[in-house]
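What you are looking at is a predicted structure, and each value in this text was computed from that prediction instead of being measured. Letters A, B, ... mirror the listed sequences (proteins, then strands); counts begin at 1.
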Protein chains: 2
Amino acid sequence: MADEALFQFLHSEIIQYVNSVESGESENGRCVSKLESMGFRVGQGLIESRHISDCRFTKDTPRFKDELDFMKFICKDFWTSVFKKQIDNLRTNHQGIYVLQDNKFRLLSQLSSGKQYLEHAPKFLAFTCGLVRGALSNLGVKSIVTAEVSVMPACKFQVMIQKM
Amino acid sequence: MADEALFQFLHSEIIQYVNSVESGESENGRCVSKLESMGFRVGQGLIESRHISDCRFTKDTPRFKDELDFMKFICKDFWTSVFKKQIDNLRTNHQGIYVLQDNKFRLLSQLSSGKQYLEHAPKFLAFTCGLVRGALSNLGVKSIVTAEVSVMPACKFQVMIQKM
């Protein structure tokens with residue numbers, strides 16, 4: 001019922017607090033990196049808690065036969081469990097880069113649309129970048145995740161798989 | 001699906017971060033107070049978002065005919081929406097003091113049981129104290145909310161209604 005709202009409000013509070021603490025440092029760099037690492041640990045935890053409750057999702061099962069399968073899991077199951085919707089579009093260059101597009105990203109919905117707010121967008125995306133990186137990491141996939149907003153509240157997450 | 005886990009992990013991250021930032025100050029006092037005020041704003045927000053989506057819950061409707069009704073709402077609807085269970089026991093002295101007992105408080109379940117962890121409990125309860133105070137505040141009821149743990153993971157929240 002209030003789940004989504006709870007997550008959104010809590011996420012806002014974290015951004016506000018981390019921003020107030022880390023302010024003054026190199027153009028929000030520390031704030032963004034702090035939020036990203038929080039997301040990373042939460043992403044790891046979410047996958048871990050699913051491992052326990054639902055062993056279908058472990059990396060050892062045939063469910064994931066290749067890299068694309070991991071990404072589909074992130075776009076569908078994982079995204080739905082966190083954001084109550086799937087990723088709207090997944091594209092890949094078939095060389096380890098995946099672009100996940102969410103046309104109505106929930107955590108940007110609090111920001112008014114309009115270009116004047118674009119500068120704040122990185123703070124609102126950092127936690128989720130970490131979340132994806134942490135989830136993939138716990139599935140055994142190392143990655144770099146970045147995000148960009150074109151027109152709010154649409155945004156794109158770019159996942160670069162790091163080959164071992 | 002991962003809702004509860006998401007909230008729990010996020011809550012842990014906040015405690016850890018706030019604690020690291022506010023450490024060194026008077027025995028966790030600042031950490032606890034910071035977490036409480038985050039909870040307060042989230043509690044306000046949750047009630048506000050319900051006001052919009054579900055006008056049955058506004059304070060102007062006959063649903064709440066007295067103070068006890070507000071407390072029942074907190075113990076049932078509000079608690080369930082946040083913690084996926086109701087408060088196990090509600091007691092009152094009929095003079096504005098209410099004791100809400102949760103026999104298995106979700107946000108303490110990460111802490112191992114045992115007395116040696118009791119000293120950390122206030123940090124794990126502060127956000128929720130604020131959450132209740134914020135929710136009541138947005139329903140027009142001013143209160144002071146404190147909490148205590150006897151045997152983990154059971155705990156009691158004491159709500160003192162402030163008369164206008």
Self-check item: Cationic N near anionic O, under 4.0 Å, A/Lys163 to A/Glu67
Solution: yes
Quiz item: Mind checking whether B/Trp79 and B/Phe73 have ring centres under 6.0 Å apart?
Solution: no
Practice problem: Would you please classify the geometry between the A/Phe70 ring and the A/Phe64 ring as parallel, tilted or perpendicular, with 30° and 60° separating the classes? | Solution: parallel
Quiz item: Hey, are the side chains of B/Glu148 and B/Cys155 touching, using non-hydrogen atoms and a 4.5 Å cut-off?
Solution: no
Quiz item: Excluding sequence neighbours, so at least two apart, what forms ring-ring contact (aromatic ring centres under 6.0 Å, His included) with B/Phe40?
Solution: none
Quiz item: Under 4.0 Å between a Lys/Arg side-chain N and an Asp/Glu carboxylate O for B/Lys156 and B/Asp102?
Solution: no
Exercise. Write out, in numerical order, the residues from residues 126-133 of chain B with a heavy atom short of 4.5 Å from a heavy atom in chain A.
Key: B/Phe127
Exercise. Please lay out, stage by stage, how A/Arg30 and A/Glu36 fare under the test salt bridge (charged side-chain N to carboxylate O under 4.0 Å, His left out).
Key: CA-CA 10 Å; A/Arg30 277 193 56 174; A/Glu36 204 272 347; over 6 Å; no
Quiz prompt | salt bridge (Lys or Arg N to Asp or Glu O under 4.0 Å) partners of residues 9-20 of chain A, not counting sequence neighbours, each pair once | solution = A/Glu13-B/Arg41
Quiz item: So which part of A/Ile14 gets closer than 4.5 Å to some heavy atom of chain B, the side chain, the backbone, both or neither?
Solution: side chain
Quiz prompt | Interface residues of residues 88-100 of chain A facing chain B - non-hydrogen atoms under 4.5 Å apart | solution = none
Practice problem: Kindly state whether the ring of A/Phe157 and the ring of A/Phe105 have centres lying under 6.0 angstrom apart. | Solution: yes
Quiz item: Tell me, do B/Gln101 and B/Asn103 make a side-chain contact under 4.5 Å, heavy atoms counted?
Solution: yes
